[in-house]
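Protein chains get the first letters and strands the later ones, always in sequence-line order, with residue 1 at the start of each.
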There are 2 protein chains.
Amino acid sequence: MPRLARDHQPTPLPAAAIDRTMRAPEQVYRVLRTAIVSLAIPPGSALSEGEVGAAYAVSRTPVREAFARLAEERLLDVFPNLGTFVSLIDPRLIGEAILIRRLLEGEAVSQAAASRDPALISEMSQALADHAEAVAAGDAAAAYQCDERFHRALFAHQGLDQMWASVDRARAQLERVHHLMVAQRGALGDALAKHRAILSALGRGDPYAAHAAMHVHIEANAVFLDRLASHSHPFVRMP
Amino acid sequence: MPRLARDHQPTPLPAAAIDRTMRAPEQVYRVLRTAIVSLAIPPGSALSEGEVGAAYAVSRTPVREAFARLAEERLLDVFPNLGTFVSLIDPRLIGEAILIRRLLEGEAVSQAAASRDPALISEMSQALADHAEAVAAGDAAAAYQCDERFHRALFAHQGLDQMWASVDRARAQLERVHHLMVAQRGALGDALAKHRAILSALGRGDPYAAHAAMHVHIEANAVFLDRLASHSHPFVRMP
DNA sequence: TCTCAAAAACCTGTATACCGGTACTCCGGT
DNA sequence: ACCGGAGTACCGGTATACAGGTTTTTGAGA
């Protein structure tokens, strides 16, 4: 059942300038997606094409395209003739996202270990170092970006673009959970140790160990899922 | 480098009526996607928003939305200010699609075997029976629909919607290869034996056997991939 | 006939206008 | 004070108009 638009106070849209040299829909999509997955726009918020267009000085047409992409990856719920709303966190989707990531990233890291690509090791080491630095500085946004760099490198260096696209959609759902948990309890640097284990296995060129380390890393999110389902929270969809 | 729009003769668009009670973009998307993956619109064809809109008596706006979705799953290539073209079959994407399907469908069939859901077995049995009938009748389109039903049931009965979405994107790429191979050499009923093996393992509730059978089934597509890369063909992107 | 530049004909990207439909408001009857 | 229904404001869906850019055409001049 759609929540009613009038029940909500004005949605806080992040300030951003749209560069006219690049395609507007892509930029609007990026801005909104970042804001949604970081919980800057809380789940349940009402958005409207006109409102967003006015905020970024573009017309409804590019906004509409951005909305369509966000709706396809389940970050928005569109109710025709009614309104568009940031989707609530759905534990069912979260469980599926964990599964997708485990399967696809497990394979990617296995292949990567077998390939023994020095450039990949180098890139991931750099991402890990930057990640540790961001965690030490307490910068959650930078930390998550480094986390993404670390994981994306696995796919990018082997040309697995489609697989990364699927992983990225799964990450979008999980990122909101992650932010929720980091906000509730300071679990910012939890991934660092796991990343070191993965990198170590990669350095040894051990596909089995790399796969196992990745499995442990991804499945660690399952504890969040349990906590999500047990406690009631306005951001979380209840069964 | 984009192929030039004027180099192509008028693209044959399938006849279809758009029902105004349902959303137009969805229907246009469905019609075009079916036509593209069945090779009714050959790879390399030029499409234009205006042309498609005129063909189905809708404006460019819903067509544009359909184009955006098709471009995202790599069935269209959009070149701004130039034209939009049905993408060539890319062997790299095909290899990735096979991998994605093997990983995700392998997991789904394992879970399904463990769940021992009689309704699932029933649905898949029916799909298999219809599939055999369509093959006997030589109806390629019906056969492929039954194939899809068989595989989709694995996900639908366990609520794995996101995983199916990823599999479906992979299938879109593979379906064109499949049609090409069936056209060149009558390999229409090749999947039937594999489906029976999968269903048998499911009936026994044996996750390992089910997983293995699915692995064999999906990897059978790899022989197509080799043939694709070795022979030159106007529908296939060359490295 | 050949060359080359101007202009017409396309394309997609963006803005704007209109439509049908839903939810909220508010006023009048009770 | 309560209830109901008409009016209104707002939303997304669609159509259309305009802008920026690339390709093809074309025709004037040599």
Side-chain angles (χ1 to χ4, degrees), chain A residues 1-11 13 17-32 44-72 75-87, chain B residues 1-11 13 17-32 44-72 75-87:
Chain A
M1 218 52 175
R3 301 154 298 302
L4 274 37
R6 312 298 196 292
D7 292 353
H8 295 260
Q9 57 237 28
T11 297
L13 288 172
I18 265 60
D19 180 356
R20 287 318 178 77
T21 66
M22 289 188 286
R23 289 192 61 221
E26 175 70 21
Q27 296 180 70
V28 173
Y29 166 76
R30 283 285 152 209
V31 169
L32 290 181
S45 301
L47 291 180
S48 86
E49 297 177 353
E51 183 188 339
V52 172
Y56 300 122
V58 296
S59 79
R60 281 182 52 208
T61 310
V63 174
R64 188 174 176 71
E65 193 170 319
F67 273 30
R69 289 180 64 180
L70 293 167
E72 202 164 52
L75 290 174
L76 289 183
D77 291 330
V78 179
F79 300 95
N81 304 331
L82 234 168
T84 298
F85 307 86
V86 177
S87 68
Chain B
M1 222 50 177
R3 293 134 337 280
L4 273 38
R6 313 295 197 294
D7 291 354
H8 295 259
Q9 57 236 30
T11 298
L13 288 172
I18 266 58
D19 179 357
R20 287 318 179 76
T21 65
M22 288 188 285
R23 289 194 59 215
E26 174 71 20
Q27 296 180 72
V28 173
Y29 166 76
R30 284 285 151 209
V31 168
L32 290 181
S45 302
L47 289 181
S48 85
E49 298 175 353
E51 182 188 341
V52 172
Y56 299 122
V58 296
S59 80
R60 280 182 54 208
T61 310
V63 175
R64 189 173 174 72
E65 193 171 318
F67 274 29
R69 289 180 64 180
L70 293 166
E72 202 163 54
L75 290 174
L76 290 183
D77 291 330
V78 178
F79 300 96
N81 304 330
L82 230 169
T84 299
F85 306 86
V86 177
S87 68

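In this structure the side chain of Glu65(B) reaches within 4.5 angstrom of the side chain of Arg23(B), judged on heavy atoms.
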Give each protein N/O atom lying under 3.5 Å from an N/O atom of nucleotides 12-16 of chain D, with the pair distance.
from	atom 1	to	atom 2	distance (Å)
dG12(D)	OP1	Leu47(A)	O	3.3
dG12(D)	OP1	Thr84(A)	N	3.4
dG12(D)	OP1	Thr84(A)	OG1	3.0
dG12(D)	OP2	Glu49(A)	N	3.1
dG13(D)	OP1	Arg23(B)	NE	3.4
dG13(D)	OP2	Arg64(A)	NH1	2.7
dG13(D)	OP2	Arg64(A)	NH2	2.8
dG13(D)	N7	Arg60(A)	NH2	3.0
dG13(D)	O6	Arg60(A)	NH1	2.8
dT14(D)	OP1	Ala24(B)	N	3.0
dA15(D)	OP1	Arg20(B)	NH2	3.1
dA15(D)	OP2	Ser59(B)	N	2.5
dA15(D)	OP2	Ser59(B)	OG	2.9
dA15(D)	N7	Thr61(B)	OG1	2.8

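Between the Thr11(B) side chain and the Ala46(B) main chain, a donor and an acceptor come within less than 3.5 Å of each other.
Pairs passing the salt bridge (charged side-chain N to carboxylate O under 4.0 Å, His left out) check and including a residue from residues 53-63 of chain B, sequence neighbours excluded, read Glu49(B)-Arg60(B).
Residues Ala66(B) and Tyr29(B) share a closest heavy-atom pair of CB-N, 3.7 Å.
The pair Arg30(A)-Glu26(A) counts as a salt bridge, with a side-chain nitrogen and a carboxylate oxygen less than 4.0 angstrom apart.
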